[in-house]
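See structure below.
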Amino acid sequence: MIKKFMIGGASAIAILASGCIAQAAPPIRIGVQAPITGTYADEGQGIEKAVKLLAEQQNAKGGLLGRKIEIKVCDDEGKAAQAAICARQLADAHVVAVVGSYTSGAALAAQPIYARANIIQTSDGTSNKLIARGYKTWFGNAAPNSAEAKFTAHYMVDVRHFKRTAVLTDHSSFATGLADSVVKDVKADHGKIIDKAFINAGSQNFTPVLTKLKSLHPDAIYFSGYYSDGGLIRAQMVQLGIKAAFVGGDANQNVAFGKIAGAAAKGAVIINVPAPQDLPYPVAKQFVAAYQAKYHALPPSVFTLTNADGMRAVMQAIEATHSVKPAKLENYLHHLKNFQGLTGTFAWNGRGKRIGSPFTAFEVGADGGYTIVYPAPSAG
Amino acid sequence: MGTFIQQVINGLTVGGIYALIALGYTMVYGVLRLINFAHGDLCILGAFVGLTMLSGALGGGHPGPALVLLAFVVAVIAISVAGVALEFVAYRPLRKADRLAAVVSALGASMLIENGIMLIWGPEVRVFPSGLLPATTWHVAGASISFVEVMIIIVSVVLMAALYGFVNHTRFGTAIRAAAIDQDAARLMGINVNRVISSVFVIGPALGAVGGLFIGLYYREAYFTMGWTYGLNAFIAAIIGGIGNIPGAMLGGVLLGLFNAFAAGYVSSSWQNAITFALLIAILLIRPSGLLGERVAEKV
C-alpha cells in the first residue's frame, strides 16, 4: 500500500496502489492543526510541511506498527474560533495525535476538545494557561518563556563556574524582565550576583558604569539588552581592561554586534535559539537538509522544528508502546527521558511542559561569525 | 584610587566632546540670542560625512592616521558650509521676526537634517571601520587610557584654547564680542555684523563636526537620531556654564561629563541621568545665569 500526499489541498488524499500488504491494516491518522492561511501562514505551512516530510520518511521505512501514517490537515487561520472547529473535525476523523497549532491562542481554544476526546496535542504554544489546567493530552514542544534565563543561569553557574556575576540591563521592559529572571535563576543555582546595574540604551557612554563593575572584580558581566549597546559594552570592557567574560542575551545576536565591538568581539558569548540551519545536532542537520531538498526552502523558524519534534516524539511513542491507545502513549511521553529532539534534548513534566530548552551559547569569533560552544555540538 | 582616576578619564573624554558641541550653541546664542536646535544634528552629520570618507576611501591604501586627518578636514569644511547655509536659509529671513518663529525654524531644521541623514545613510546603526587609529592603551595606576581618549582630550583642549585666544586676542574676535554685546552699536562702529554672524555659523559647526567625528571614532558607531541625545547634553552643558559665555560652555561640558561618570560610578547607574540633572538644577538654583554667566545677564 503506497500513499501519496497531495500538497496544496486542505487534506491529504490517499491513493491506494495494488500489490502491497495483503491484510490492508487501517492507517494511523495524525492531525495537523495550523494556520495554513492568514498572518501566520508561513509558520503554519512550515508545520504542515515538516509533519508531512516526517510521515513520508517513516512510511518509506514501512510506516508504524506495519501501518502507514496518514496526515489530516486543518487550517485554523490562527484564530481561536476556527481552532475549535478544527479540533472537532480532527476528533471526528479519529486522529491519534495532533501537531500544532502555531499560536498559543489557537492551541488553547482547541485543547479542551482534544482533552475530552483523549487526543494528544503537541504545539509550540507557551502560554501559561496551557499548562495551568494540567491536561494529560497536552505536550508543549517549545521552551517556556522562562527558559532563556534558566539556560543562562545554568550555563554561567554550572558550565562556566562563574563565581561572581554582574548583571547589566537597559531600562526596557524586555531587558529588565530578562535581567530579573537571570538574577533569580543564578541565585537559585547557588551562583552569586555581585551587582545589577543599568545603562541608558543608545547613550554610548558606558565606561562609568563598567568602571564601577570593574572595581567589584566580576568573573562575568551578563547584559540583557540589545546588540547596538552590547557591542559597545564589550568594546569598552576590553578598553578598560576588564577581564570578565561577556555573556549577552538573545537581543545581542545581530551581525552589527561583531562590527561594533570590532576586535573585542572575539570571545563574547551570546545566548539564543539558533536558526534551524544553525542547530548543531546531527538529527537536526539531516532534517533541515531533507526539508530543503523537498521544499527548496529553509524551515521558516525554529518552531517548525519544535513541532516536528512533537511529531517525532509521538511516532517514537507509538513504536515503543506498540499501541495507538491514548493512555499508553500519554504515559510513555510523560516518562520520556532525554528525548533527542531536533531542537535539543528534552522531556515533559506531568503537565506537558517542555523541560530542556533549545537555547545554545555561542561564542563570537574574530571574524564576527558564531561557534556554538554549549551544548557540545557532538551531543546527539 | 585606580577607579577614581578611571572615572575622571571617562568623564573628561565625554566632557570634551560635550564641550566642543556646546561651544556651537553658546556662540550662536551669544550673537543672535537664538538656540540653534539643529546644532546637534549638524555635529552628527559631521560624523556621517567622516564615516563616508573613512569607509569609502579605505580600499585606496591610505595609511590610517592620514586618512583620519583627511576625514576631519572634509567633515569640518562640509559642516561649516552646511552651518552657513542653515543660517542663510532658516534663520536670516527670520532675524527681524518674532523670536518664537526662529525657534520653530530651528526645530524644523533639526528634523530636516536628522531625516536627511536617515535617507542618505539609512536608519540602521552604521559602524566605523576598525584599525584606523593605533589601538594602544596605557595602564597607569590601575586606570587605562586609550589612544583615542588621549587624542580627544588633547585636541579638545587645544581647540578650545585656540578659540579662546581667537575671540579675546584678535581684531575679528573683538568684532564678535562687540556684536554679542550690542549689534546696532557694533554696526555703527563699522563692523560687518552679517559677516560676524556667518563666522559663528562657521566656527560652531566646525567644532561640532570635530566633536561628531570624535564620537564616531571613539564609539565606532553612528545612527541618525544620535544628534538629539548629544545636542541635548551639550545644550545643557552650555546652560550650566552660562549660555553665551565661551569658557562657560567648556566648563559646563567637562562638568557634565564628570557628573555623569561619578553618578554612575559612585551612586547608582539606574539613577545616573536623574542624579546628573538634579545636580545641574541645583547649580542653576544657586546661579540662575550659569556658572560663568554674569556678563550675559547684564545685557537684555
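Numbers restart at 1 for each chain; the letters A, B, ... are given by sequence-line order, proteins then strands.
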Using non-hydrogen atoms only, which part of A:Lys214 is less than 4.5 Å away from chain B: side chain, backbone, both, or neither? side chain

Just wondering, do B:Tyr218 and A:Gln236 contact through their side chains at under 4.5 Å, heavy atoms? no

When rounded to the nearest 0.5 angstrom, what is the spacing between OG in B:Ser270 and CD1 in A:Ile199? 12.5 Å

Greatest number of heavy atom pairs closer than 4.5 Å to chain A - which of B:Thr137, B:Ile145, B:Ile215, B:Asn273: B:Asn273

How long is the gap from OG1 on A:Thr207 to CD on B:Glu149, to the nearest 0.5 Å? 7.0 Å

Quick one: of B:Arg220, B:Gln6, B:Gln7, who has the most non-hydrogen atom pairs under 4.5 Å with chain A? B:Gln7

Distance only, no hydrogens: is a donor on one side chain within 3.5 Å (strictly under) of an acceptor on the other, for B:Tyr230 and A:Gln204? yes

As a quick check of understanding, evaluate side-chain contact (heavy atoms from CB on, under 4.5 Å) for B:Asn10 and A:Leu240, giving each step before the final call. CA-CA 10 Å; B:Asn10 297 339; A:Leu240 289 170; 4.1 Å; yes

Are side-chain heavy atoms of A:Asn200 and B:Gln272 found at a separation under 4.5 Å? yes

Is chain A contacted by the side chain of B:Glu221, its backbone, both, or neither, given a heavy-atom distance below 4.5 Å? both

Contact part of A:Ser203 toward chain B, heavy-atom cut-off under 4.5 Å: side chain, backbone, both or neither? backbone

Quick check against the 3.5 Å criterion: does B:Tyr219 have a side-chain atom that pairs as donor or acceptor with the backbone of A:Ile260? no

Chain B contact via A:Ala261 - side chain, backbone, both or neither, heavy atoms under 4.5 Å: backbone

Which bit of A:Ala235 is near chain B, if near means a heavy-atom gap under 4.5 Å: side chain, backbone, both or neither? neither

Measuring from atom OG1 of B:Thr229 to atom CG of A:Asn205, what distance do you get when rounded to the nearest 0.5 angstrom? 12.0 Å

Do you know which of B:Met226, B:Glu124, B:His139, B:Arg126 has the most heavy-atom pairs under 4.5 Å to chain A? B:Met226

Winner by heavy-atom pair count (cut-off under 4.5 Å) against chain A, out of B:Tyr266, B:Tyr223, B:Phe128: B:Tyr223

Heavy-atom closest pair, residues A:Pro208 and B:Asn260: CB-O, 4.3 Å

